[in-house]
J.: 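Quick one: this structure, given as structure tokens, is what I'll be asking you about.
Proteins come first, then strands; the chains are lettered A, B, ... in the order of their sequence lines, and each starts at number 1.
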2 protein chains.
Amino acid sequence: MTDKRDILHGTPLMAGLAEPLVDELLAICQQRRLRDGEYIYRQGEEGDAMYGVLEGKIRLSNTTREGRELLVMLVERGDWIGEVSLFDGAARSQDAYALGDTEVLRIGKEQLDTLLEARPELYRYFVPMLCRKLRLALSYVEATALYPLSARLARRLLDLHQQSADSELHFPQEDLAKMLAVSRQALSRELKRLEAAGAVAVSYGKLRILNVDLLCSEAVAG
Amino acid sequence: MTDKRDILHGTPLMAGLAEPLVDELLAICQQRRLRDGEYIYRQGEEGDAMYGVLEGKIRLSNTTREGRELLVMLVERGDWIGEVSLFDGAARSQDAYALGDTEVLRIGKEQLDTLLEARPELYRYFVPMLCRKLRLALSYVEATALYPLSARLARRLLDLHQQSADSELHFPQEDLAKMLAVSRQALSRELKRLEAAGAVAVSYGKLRILNVDLLCSEAVAG
DNA sequence: GCGAGTCTGTCATCGAGGTGACAATTGCCA
DNA sequence: TGGCAATTGTCACCTCGATGACAGACTCGC
């Protein structure tokens, strides 16, 4: 229970939420356990709830009819997803599914609406969260449109490095490729380049950031 | 003055704002006239105000050191920009400059903060606005990553068609190319294709949407 | 310790779209 | 009306990254 509490007013979103509000939020949360690969929602569905990650990871992705996939975001402990559909009433814009066994908090639309009605001051705590996501999305738009793979990779590595506050990134190159929407082969080539330059160390199923400054200079090289 | 009033609680954002709040917002707005090409702010600067368009257009764009430009958004009457930097305190993520003679409302950071302090219920009206921008940005990320130029163009034309509620789009192909971050030549070729198919009519400095259904089918074609 | 499945490195081939160049067209203004 | 700048159409050439194929490396479970 202190667990849930930490999630709610720790980490990025809802930071600084007043204690009584945390309680009221906790009161409308249901805890749910998901098995690896289990879907939370799918693109195009109605949005009936938002979810916060307690433990494990959630993949947010878009997939084309032909099966090409874009990994929009790896959602980790303390992040919330699905709130946009609750606010604007429009359909889910991505698929969301668990990566490994995962524990989430679920807040249903009705309960949230009721709480927001009673406590409109809660709205303000969603603002920083939306701003953060908007900035992230805009930076992806910019990077994809204007910079070559080498720079985009460096940027993304820096993002991931900062986000997880860990120099070890644990996922296959395939996933990183899907984040950048490039082929695994092209990604592998770029990683080798970065490794040769001493910026990262690549090994089976993970990679380590060695030199942040080097990555920064790669990130701006045109 | 009724003018400003209409902008504030008309069009997409802050719709449904209660009358007294509109008054208080109007009270902290300064009206400003901009000449063609005049910059409102530049990428990397501190954000000290947000702006709403009364008349004319604002271009939001990212530019690389080498001069390649991405036209993130054409901001029109009733839209607001620059609010994200006020909320999160981080730097401007795009350049913003007037396209033609333009009239804007400016709300300074201090005044907004004061008003938000006094009237925290105002926060909730920013939420739909942020959601809308986030969805738009995510749809661009998705489209750029997963779909070929032909589909992205069709989607963008549909977006612009809906946004301006006008079947005539008045800007050179060069601008449309910068929105999609492709070369003018490639865009021209695609437009010719669409014209041959009867979806649009292309002429000097403008184009007309003729067949929305046709564009829709282009938009999903892999 | 062995085999199956996963992950990584590398190659040849191909296509979408960038680049540079140039002609044709249109609008605008003197 | 004539000239100039902006816009558009089109072409040849090139580059980046996709694709498909395959071999080697690593893990994990039996």
J.: Whole angstrom is fine here: how far is it from OH in B:Tyr147 over to C1' in C:dA16?
T.: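 Atom OH in B:Tyr147 sits about 18 Å away from atom C1' in C:dA16.
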J.: Thinking salt bridges, do A:Lys57 and A:Asp79 make one under a 4.0 Å N-O criterion?
T.: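 Judged by the 4.0 Å cut-off on N to carboxylate O distance, A:Lys57 and A:Asp79 do not form a salt bridge.
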J.: Nearest whole Å is fine: how far is D:dT8 P from B:Leu169 CG?
T.: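 The distance from CG of B:Leu169 to P of D:dT8 comes to 12 Å, rounded to the nearest Å.
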J.: Roughly how many Å is it from CZ in B:Phe171 to C1' in D:dT8, rounded to a whole number?
T.: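 In whole Å, D:dT8 C1' and B:Phe171 CZ are 15 Å from each other.
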J.: I'd like to know if the side chain of B:Arg189 pairs up with that of B:Ser150 as donor and acceptor (distance under 3.5 Å, no hydrogens or angles considered).
T.: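 Their side chains do not contain a donor-acceptor pair, so the 3.5 Å distance test is not met.
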J.: Can you sort out which residues in residues 187-199 of chain B have a heavy atom within less than 4.0 Å of DNA chain C? Ascending by number, please.
T.: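 Per residue number, the list is empty: none.
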J.: Do the charged groups of A:Glu83 and A:Lys133 touch, with an N to O distance under 4.0 Å?
T.: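 The answer is yes: the pair qualifies as a salt bridge.
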J.: Taking side-chain hydrogen bond (donor to acceptor under 3.5 Å, both in side chains) as the cut-off, I'd like each qualifying pair that reaches into residues 176-185 of chain B, sequence neighbours left out, listed once.
T.: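 Output for this query lists B:Glu69-B:Lys178.
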J.: Has A:Glu45 got more than 12 heavy atoms of other residues, nucleotides or ligands less than 6.0 Å from its CD?
T.: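 Count over threshold, so yes.
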J.: Would you call B:Arg152-B:Asp159 a salt bridge at under 4.0 Å N-O?
T.: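 So B:Arg152 does not pair with B:Asp159 through a salt bridge.
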J.: Please work out which of the three classes, parallel, tilted or perpendicular, describes the rings of B:Phe126 and B:Phe87, given edges at 30° and 60°.
T.: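 Rings of B:Phe87 and B:Phe126: perpendicular, over 60°.
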J.: Tell me whether the NZ or CZ atom of B:Arg155 lies within the 45° cone about the ring axis of B:Tyr140 and under 6.0 Å from its centre.
T.: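 That pair does not qualify as a cation-pi contact.
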J.: Mind checking if B:Ala181 touches a base, just sugar-phosphate, or nothing, with heavy atoms under 4.0 Å?
T.: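 Sugar-phosphate, no base atom in range.
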J.: Separation of B:Glu174 atom CD from D:dG9 atom P, in whole Å?
T.: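 The distance from CD of B:Glu174 to P of D:dG9 comes to 13 Å, rounded to the nearest Å.
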J.: Strictly under 4.0 angstrom, non-hydrogen atoms only: write out the protein contact profile of nucleotides 19-30 of chain C, one letter per nucleotide from the 5' end, B, S or -.
T.: BBB----BS---
J.: In whole Å, I'd like the distance from the CD atom of A:Glu66 to the C1' atom of D:dA18.
T.: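 Distance, rounded to whole Å: 14 Å.
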J.: Below 4.0 angstrom from OP1 or OP2 of C:dG9, is there any side-chain N or O of A:Gln173?
T.: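 A:Gln173 to C:dG9 OP1/OP2: side-chain N or O found under 4.0 Å.
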